[in-house]
Amino acid sequence: MSSRQALNSWKKLTELAQQKKSQHMNDLFAQDSERFDKFSIELPKLLLDYSKNLIDSETMTTLFELANECQVLEWREKMFSGEKINKTEDRAVLHTALRRKSSEPLIIDGENVTQSVQVQLEKMEGFVNKVREGKWLGYSGKRIADIVNIGVGGSNLGPQMVTEALKHYSDNCVNVHYVSNVDGAQIVEILRPLDPEKVLFIVSSKTFTTTETMTNARTAINWLTASSFDENAVAKHFVAVTANKENAMGFGIEEDNIFGMWDWVGGRFSLWSAIGLAIALDLGFDKFKELLDGANEMDEHFQNAPLEENMPAIMALLSVWNTTFLGARSQAILPYDQTLHMLAAYLQQAEMESNGKSVSWDGVEIDYATVPSIWGELGINGQHAFYQYLHQSNNVVPADFIGSVESVTPVKGHHATLMSNFFAQTQALMTGVNEVQVRADLKAKGRTQEYIDKVAPHKVHKGNRPTNTILLKRIDPTTLGSLIALYEHKIFVQGIVLQICSFDQWGVELGKGLAATIQDELESDQVSTEHDCSTERLIKYYKQAQQN
Ligand code: F6P
C-alpha cells in the first residue's frame with residue numbers, strides 16, 4: 001500500500017466513492033438549488049462550473065483534506081521558489097519564472113533566473129522586431145516572408161496550438177508553418193510553395209539531439225543550400241532554440257542566432273520561453289507578452305487562492321476523484337471554439353507525459369489509477385462522431401467543455417447555434433432520460449405501442465456523466481495564457497496528490513533507443529536476431545518488400 005492510501009482522507013474518499021456510485025446527479029441538483037453557487041469559481045475572464053460532477057460538499061471537503069494531507073500548498077511554494085522538485089532529474093521546475101512580473105532575484109544554482117529571463121526576452125524582442133520590420137534579410141537581401149518552426153513534442157505542440165488559437169490576432173506580417181513529423185511528406189509539402197530566399201527556419205529542440213528534429217533540420221539546410229551559392233545562407237536563414245548550444249553550433253548555426261533554454265523549463269511547459277519565438281514572430285512581441293501576462297494572472301491566482309477557491313487545484317482534485325476513486329479511465333477535452341482545435345493534442349502531451357506513470361516519486365509501484373488517457377476534438381465535430389459513446393456507452397468519460405462568451409469571428413447566428421449545443425450537451429450528459437420519459441415522449445408523438453416497446457430501451461440515456469464547464473470571455477492572448485496555465489497547475493497538483501514526479505519522461509526513452517538500433521538495421525544488410533520473432537520478421541518483410 002502506498003503512503004497516500006494510508007491517509008485518512010484517502011480512506012474516506014474510498015468509502016464516499018462507493019456511496020456516490022449509487023447516486024444520480026439529478027437527485028443532487030434536486031436536493032440543492034445552490035449547487036452552482038457552491039461549485040463554481042469566477043475569475044475576471046474565466047468561469048469554471050464544476051457542479052455537474054458526482055460530488056457534494058462532503059466530497060469536496062474531503063478532497064481538500066486530501067490536498068492538505070498531501071501538502072499541496074507547501075509543494076506549490078517549493079515549485080514557485082525554485083526548489084528542485086523534479087527529483088529524478090534533480091531540477092527546479094520554473095516555467096512560472098518565464099512569465100513572472102516581479103523583478104526580485106530568483107537564484108537557482110547561482111544564476112539569477114529573473115535576470116536571465118529578462119535578457120532572453122529582450123533578445124527575443126529585438127529579433128522579432130528586426131524580422132517583422134524587414135530589417136533581417138535573407139542571403140539575397142529579401143525580407144523574410146515565411147517562418148518554419150522545426151521541432152516536436154513540447155518544441156512544437158505548445159507554439160503551434162497557440163499560433164492556431166490566436167490566428168485572428170496575426171497581422172500576417174509573416175506566415176508561420178510547423179514541421180514536427182519525420183515523415184518527409186510533411187516537410188516536403190510545407191517547403192514546396194516557399195521561396196528559400198525568404199524563409200527563416202527555427203530549429204527548436206531543448207536537447208538538440210532529437211532524431212526527428214535533426215533529420216528535418218538537415219533536410220531544411222539541404223533545401224536551402226541547394227538553391228543558394230552563398231555560403232552565409234545558413235546564418236541568415238537558421239536560428240535555434242536550445243539548452244544545448246554546443247550541438248546547435250556543431251550543426252552549423254551561428255552563435256548569435258541561438259536562443260537559450262534552461263534545464264528548469266520542461267519541454268511541455270516551454271512555450272513561454274524562446275520556444276514560443278514563432279508565436280511572437282506571428283503576432284508581434286506585445287501580443288506574446290499578453291500571453292505571458294495571462295499565464296501570470298493564473299499563476300497569481302494559483303499561488304494565492306485558498307484551496308477551496310483555487311481553480312487549478314479543484315480541477316486536479318476532481319480528476320483524481322473521477323479517475324482514482326470513481327474509476328474513469330479517460331477524459332475528454334471538448335472545446336466549442338474553432339480556435340482551440342489543437343488543445344486536446346496539446347493537453348495529451350502536457351498531462352499524459354507528465355503524469356502517465358505508475359511509480360511514485362519514492363520509486364514505489366503505485367497500484368491505484370493515476371491519470372486518465374486524454375483525448376478530444378472540437379465539440380460540434382465530436383457530437384457527430386463520438387458523442388454517441390459519451391452518452392450511451394457503459395464507460396463513463398468525464399469531459400471538460402470549453403467555450404467562449406464571444407466569438408473572435410462573429411458570423412450572424414453561428415455562435416448561438418454553437419453555444420446552444422455547448423450548454424445542451426453538458427445538461428444531457430448529466431440528466432440523461434429514463435425509460436418512463438422516453439415512453440411518454442414516444443406516446444405523445446403518436447407512436448404505436450409495438451414501436452414504443454421496440455425502441456424505448458435504445459433511447460434511454462442514463463446520464464450522470466461528469467463534466468466541467470469552462471467559459472472564457474473570448475479567446476485572446478491573455479485568456480489563452482490563463483487557460484494554458486490553468487491546466488499546467490492542474491497537472492502539477494494532480495502529480496503531488498498522486499505522488500508522481502510530473503516533470504520527467506523516462507517512458508519515451510526505451511522506444512527511442514530501440515528505434516536507433518532498428519534504423520541501423522534498416523539502412524544496412526544486417527537484421528539482429530536479438531529482436532522477438534515478430535519484430536524480426538516484420539523488419540525482414542519490410543526490407544524484402546522494398547527490394548521487390
Ligand atoms: O517525446 C519526448 C520529448 O523528450 C518531449 O518531452 C519533448 O518535448 C520532445 O521530446 C522534444 O524534445 P526536444 O525539445 O529536446 O527536441
Side-chain angles (χ1 to χ4, degrees), residues 85-95 98 120 148-163 178-183 186-187 201-221 238-253 257-279 342-357 371 373-374 484 487-488 491-492 495 500-516 519:
I85 60 167
N86 176 353
K87 295 279 176 211
T88 56
E89 295 177 324
D90 194 29
R91 292 173 181 170
V93 175
L94 269 180
H95 45 277
L98 298 166
Q120 183 175 84
V148 179
N149 187 88
I150 298 178
V152 72
S155 301
N156 161 259
L157 283 163
Q160 190 173 9
M161 183 273 284
V162 171
T163 300
Y178 287 90
V179 173
S180 57
N181 199 344
V182 76
D183 184 337
Q186 191 187 28
I187 192 163
F201 291 95
I202 306 172
V203 185
S204 289
S205 176
K206 182 176 169 184
T207 56
F208 228 83
T209 56
T210 306
T211 313
E212 300 90 320
T213 298
M214 297 303 110
T215 306
N216 278 322
R218 242 173 260 119
T219 299
I221 287 191
F238 276 80
V239 300
V241 184
T242 185
N244 188 346
K245 196 169 166 186
E246 211 182 346
N247 270 24
M249 286 171 67
F251 200 82
I253 298 184
N257 292 356
I258 298 174
F259 293 81
M261 275 274 277
W262 303 270
D263 70 358
W264 41 261
V265 184
R268 52 194 172 272
F269 305 100
S270 64
L271 72 90
W272 323 100
S273 69
I275 291 286
L277 208 48
I279 305 170
M342 279 192 65
L343 185 67
Y346 170 77
L347 291 177
Q348 275 178 337
Q349 189 203 15
E351 187 158 332
M352 293 167 82
E353 195 167 80
S354 298
N355 290 336
K357 294 162 191 170
V371 290
S373 47
I374 303 290
I484 301 168
Y487 277 98
E488 286 180 345
I491 290 163
F492 167 75
I500 282 172
C501 182
S502 305
F503 301 100
D504 58 26
Q505 56 283 319
W506 304 103
V508 294
E509 296 305 325
L510 177 62
K512 274 190 198 172
L514 279 174
Q519 180 157 357

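No experiment lies behind these values; they were computed from the predicted model shown. Atoms within each ligand, like the ligands themselves, are counted from 1 in listed order. Below, all heavy atoms of this structure are taken into account, side chains as well, without hydrogens, waters or symmetry copies. For reference, positions follow the sequence shown, starting with 1.
Residues passing the side-chain contact (heavy atoms from CB on, under 4.5 Å) test with A344 are I333, sequence neighbours excluded.
Residue G153 places no N or O, backbone or side chain, under 3.5 Å from any N or O of ligand 1. The shortest N/O to N/O separation between T207 and ligand 1 falls below 3.5 Å. Not one N or O of S204 is nearer than 3.5 Å to an N or O of ligand 1, by distance alone.
Taking the six-membered ring for Trp and the full ring otherwise, the centers of F503 and F269 sit less than 6.0 Å from each other.
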Chi angles and distances behind the salt bridge (Lys or Arg N to Asp or Glu O under 4.0 Å) call for K357, D504: CA-CA 10 Å; K357 294 162 191 170; D504 58 26; 2.7 Å; yes

I253 vs V203, side-chain contact (heavy atoms from CB on, under 4.5 Å): CA-CA, chis, key distance, verdict: CA-CA 9 Å; I253 298 184; V203 185; 4.2 Å; yes

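For atom 12 (O) of ligand 1, the closest non-hydrogen atom on the protein side is T210 OG1, 3.5 Å. Closest protein heavy atom to atom 14 (O) of ligand 1: S155 OG, 2.6 Å. Among protein heavy atoms, the minimum distance from atom 11 (C) of ligand 1 is reached at V152 O, 3.2 Å.
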Output side-chain donor-acceptor pairs under 3.5 Å for residues 507-515, partner residues at least two apart or in another chain, one line each.
none

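The residue E509 has no part lying near ligand 1, judged by heavy-atom distances below 4.0 Å.
The atoms of ligand 1 that sit less than 4.0 Å from any heavy atom of G154 are 7 (C), 8 (O). Taking a cut-off of under 4.0 Å to the non-hydrogen atoms of K206, the atoms of ligand 1 that pass are 13 (P), 14 (O), 15 (O). Listed by atom number, the atoms of ligand 1 under 4.0 Å from K512 heavy atoms are 4 (O). Near V508, with a cut-off below 4.0 Å to any heavy atom, the atoms of ligand 1 are 2 (C).
A side-chain donor-acceptor contact under 3.5 Å links N355 and S502. Remark: the D183 side chain and the Q186 side chain contain no N/O donor-acceptor pair separated by less than 3.5 Å.
Atom 5 (C) of ligand 1 has its nearest heavy-atom neighbour, among E212, E353, Q505, in E353.
Between R268 and the choices Q348, E353, Q349, E488, the side chain to side chain donor-acceptor pair (under 3.5 Å) rule is met once, by E353.
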